Amino acid sequence: MLEFQDDPQERRGASGSFRPEIQGLRAVAVLAVVIFHVWPSKLSGGYVGVDVFFVISGYLITGVLVRDVERSGNISLARFYQRRIKRLLPAASVTIIGASVAYALLPVVAWTNAAKEAVASTLYVQNWWLARQAADYWAQDDSTGVLQHFWSLSVEEQFYIFWPLLLLLTIKLARRLSWNPIKSLWVPVALVGVCSLAYSVHLSNSSPGLAYFATTTRAWELALGAALALVPVARMHRFNQHSALLGGLGMMMILGACFVFDGKTVFPGYAALLPTLGTAVVIAAGTSTSRFSISAILSTKPFQYYGNISYSLYLWHWPVLVYYQQLSGRHLDLADGLVVIAVSGALAHQTKILVEDYFRGEGVFDKRLWHTLGFAAVCMGATLFAAWKVNSAYYAKLASAHESSGVLPSGSSGTGLYDDKDRIIAALRAKDDMAAWYRAKCRGQTYTVNPIPCVYGDKNSDFRVVLIGDSHAVHWEPAFIELAKQQGWMFSIYAKSACSVGDLSVTIGKNKVRYDDCDKYRKNLMAILNKDKPQLVVISQSRGHAPFGAGKVDRAQAIADSLIRTVETLQGQGMKAVLMADTPWFKDSVPACLSTPNYVQGNCDATRANAFKKTDPALLATQTRPDIGILKMNRHLCDSQYCQAVVNNRVAYRDSHHLTAGFAKTLSEELGEQLS
């Protein structure tokens with residue numbers, strides 16, 4: 001858990017003395033995170049507040065363990081885990097249950113994800129749950145989770161479980177080797193710190209989504225705080241001579257990261273050194289006698305108050321934010337943000353007094369270890385029961401969906417009126433209505449470099465059609481399969497997550513790192529096509545690709561030029577190659593929009609201007625080279641003004657920009673006419 005709690009024992013530094021500036025530093029960290037979540041454009045790097053907490057936690061918890069060794073010569077695991085359970089589990093459980101009880105305010109399609117997040121948060125594996133989704137390109141369109149902020153709490157809880165065990169093992173080994181027990185702790189701290197930082201730098205570039213959530217890429221931040229706790233008090237006092245200067249420098253590093261970093265920053269990696277080292281400098285600086293020093297400012301009542309409630313404030317702010325946005329149906333302006341902060345603050349204040357302070361009291365479930373473990377079991381059982389209730393409600397709806405055809409009643413349309421039950425059932429079916437490719441072994445993940453085809457139709461046919469691209473090629477697979485059956489073709493599809501077919505390096509993830517595996521995959525794919533030489537190659541891909549290192553060049557034109565070169569290469573090798581225009585993009589997930597409690601007729605449709613806001617490189621390529629053929633299917637998806645979420649009584653999209661398999665299949669006849 002993040003070390004927010006107002007515990008006198010755990011607010012003390014390595015020397016055991018009270019450190020009010022650390023409590024104030026917690027306030028800075030939690031306010032940075034809250035402001036970033038409420039108004040992300042105002043504090044684009046506020047997410048580094050979590051990294052500040054990691055360093056603080058590593059410092060304080062290691063300090064507690066070191067003092068335990070100095071006092072008794074050993075580490076009492078029972079006492080340590082008892083304190084963790086009492087301090088952290090009650091407030092977390094109240095938040096999970098509270099967020100789960102309000103599940104009906106979420107879109108129905110999001111209920112099962114909310115239940116899974118409640119389980120992951122209860123078991124403190126939320127970070128790995130999100131890491132799996134981040135690494136899985138196809139899961140990235142899932143709705144925002146109401147408990148996803150528990151990822152950072154999960155990282156720290158895992159640290160709390162394994163860190164004292166590692167230190168205890170080191171101490172026992174040191175005694176066998178006649179080493180100084182305290183000094184020997186530098187070995188695991190250094191090993192964890194160096195190895196984790198190196199892995200963080202590597203993974204942040206190769207798989208940024210996974211790197212952001214993985215415990216292995218964050219452990220070095222906790223180890224940095226631990227290293228501070230191992231510095232002898234006498235040496236630490238040397239920094240106090242320059243406390244005002246060092247404190248100011250450290251705070252400038254933290255705030256600099258908050259204002260300069262944004263979603264494109266490769267993180268954590270090297271970038272995380274700025275806020276974490278800044279935090280370490282503020283801690284090392286200690287207390288200054290100057291009235292205007294950072295330590296003096298952090299020791300003032302406002303910072304101390306928010307430091308005291310920081311744990312509960314962190315717990316509550318995200319569910320309040322998600323539910324407020326869901327009820328209001330809009331992104332937050334200034335007034336909305338202030339309401340969210342005020343409500344979160346009120347809940348945090350009451351949770352601090354009624355839950356945290358009560359269970360932190362002496363004599364509450366701490367006389368015997370089994371009392372504490374029993375209490376923990378009750379808390380976790382309650383949260384798991386809440387998750388089960390949410391999941392049961394979802395599957396009850398899903399059962400109705402499976403009994404339905406998924407087609408809305410006759411006369412319904414994207415702007416028509418239809419029964420709530422029919423609409424929700426159709427949305428539930430649409431969410432999971434994916435092409436067969438997603439369940440096949442030939443599925444190309446982000447790390448895939450060796451293309452494997454999915455083959456359908458008549459495998460002995462003399463006419464072979466190959467579809468290549470990314471997920472926007474995959475969502476046409478059902479239409480091509482149906483057409484191949486009718487025409488007696490052999491149809492194959494090669495697709496890779498987020499990978500552009502054009503001979504140009506593209507980026508991946510919010511950090512916009514180079515997608516090296518895409519380059520390798522593309523090279524291997526072109527070699528396979530040159531060897532097999534199918535009669536027809538259809539290229540379909542998302543308009544969302546960005547060239548790596550493109551700077552201020554016209555990105556759409558750069559992608560278009562690369563597609564032209566690829567078509568020329570294929571045609572030069574004796575194959576016919578055509579492009580396929582990209583489909584519309586909606587602001588939000590269509591099934592989520594259709595299944596919201598506050599659904600308004602027609603509000604899930606998109607204007608043509610918004611649906612095609614980004615230029616389609618495929619269309620641009622054919623404007624440059626009119627001799628290149630292109631398939632245009634969007635007249636079935638949009639009229640002159642709007643692109644409909646529901647077309648011919650079917651939900652057309654399974655998220656914000658991927659067609660449902662059922663709807664794509666209905667367009668096979670039109671696809672055949674265009675191909676002919």
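Predicted model only: the values in this text are computed from it and were never measured.
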For the [atom1] atom of [X] and the [atom2] atom of [Y], what is their distance to the nearest 0.5 Å?
| X | Y | atom1 | atom2 | result |
| --- | --- | --- | --- | --- |
| S154 | F213 | OG | CZ | 11.0 Å |
| I559 | L620 | CD1 | CG | 11.0 Å |
| Y456 | K459 | OH | NZ | 9.5 Å |
| T112 | Y103 | OG1 | OH | 12.5 Å |
| L659 | T583 | CG | OG1 | 5.0 Å |
| I564 | T624 | CD1 | OG1 | 4.5 Å |

For this session: Test D532 against R464 for side-chain contact (heavy atoms from CB on, under 4.5 Å), laying out the working first.
Result: CA-CA 10 Å; D532 294 345; R464 293 168 296 157; 4.3 Å; yes
For this session: Show the numbers, then the answer: is there a side-chain contact (heavy atoms from CB on, under 4.5 Å) between W388 and V119?
Result: CA-CA 9 Å; W388 175 77; V119 173; over 6 Å; no
So do [Y] and [X] actually touch side chain to side chain, heavy atoms under 4.5 Å?
| X | Y | answer |
| --- | --- | --- |
| N113 | Y394 | no |
| Q541 | L563 | yes |
| H636 | L671 | no |
| L130 | Q148 | yes |
| M575 | P534 | yes |
| K389 | S100 | no |
| S497 | Y515 | yes |
| Q325 | H331 | yes |

Exercise. Where do N610 and K587 land on the side-chain contact (heavy atoms from CB on, under 4.5 Å) test, with the steps shown first?
Worked result: CA-CA 8 Å; N610 288 331; K587 180 181 178 182; over 6 Å; no
Problem set entry | From CA spacing to verdict: ring-ring contact (aromatic ring centres under 6.0 Å, His included), W489, F480 | CA-CA 10 Å; W489 301 341; F480 276 94; 7.6 Å; no
Please check if the side chain of [X] supplies one atom and the backbone of [Y] the other of a donor-acceptor pair under 3.5 Å.
| X | Y | value |
| --- | --- | --- |
| D517 | T448 | no |
| N524 | K520 | yes |
| R423 | Y599 | no |
| E670 | M633 | no |
| Q126 | H149 | no |
| D582 | D616 | no |
| N648 | R650 | no |
| T265 | F267 | no |
| Q674 | K632 | yes |
| R654 | D432 | no |

Atom [atom1] of residue position [X] - does it have more than 12 heavy atoms of other residues, nucleotides or ligands inside 6.0 Å?
| X | atom1 | result |
| --- | --- | --- |
| Q486 | CD | yes |
| D462 | CG | no |
| Y642 | OH | no |
| K533 | NZ | yes |

Minimum heavy-atom separation for [X] to [Y], with atom names?
| X | Y | result |
| --- | --- | --- |
| W129 | A120 | CB-CB, 4.1 Å |
| G662 | D433 | N-OD2, 2.9 Å |
| V646 | L594 | CG2-CD1, 4.2 Å |
| A99 | L147 | CB-CD2, 3.8 Å |
| G457 | A484 | CA-CB, 4.5 Å |
| N127 | Y124 | OD1-O, 4.4 Å |

Problem set entry | Ring-face cation contact, W128 with R132, 6.0 Å cut, 45° max |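 Not flagged: R132 not positioned over aromatic ring of W128.
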For this session: May I ask you to decide whether R514 forms a salt bridge with D516, counting only side-chain N to carboxylate O separations under 4.0 Å?
Result: yes
Exercise. Aromatic rings Y212 and W151: how do their planes relate, parallel, tilted or perpendicular, breaks at 30° and 60°?
Worked result: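 The arrangement is tilted - the two ring planes meet at 30° to 60°.
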For this session: Let me know which of S471, P478, C454 forms a side-chain contact (heavy atoms from CB on, under 4.5 Å) with W437.
Result: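 Exactly one option meets the side-chain contact (heavy atoms from CB on, under 4.5 Å) with W437, and it is C454.
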Problem set entry | Option from V109, V108, I424, T596 for which side-chain contact (heavy atoms from CB on, under 4.5 Å) with P591 holds | V109
For this session: Under the side-chain contact (heavy atoms from CB on, under 4.5 Å) rule, what do H658 and V474 come out as? Steps first, then yes or no, please.
Result: CA-CA 9 Å; H658 292 102; V474 174; over 6 Å; no
Exercise. Will you find, in the side chains of S505 and D519, an N or O donor that is under 3.5 Å from an N or O acceptor?
Worked result: yes
Exercise. Under 3.5 Å, is there a donor-acceptor pair between the D639 and Q644 side chains?
Worked result: yes
For this session: Flag the pair F150 / W318 as yes when their ring centroid distance falls below 6.0 Å, and as no otherwise.
Result: no
Exercise. Looking at the rings of H472 and H657, which for Trp means the six-membered one, are their centres under 6.0 Å apart?
Worked result: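 That pair passes the under 6.0 Å test.
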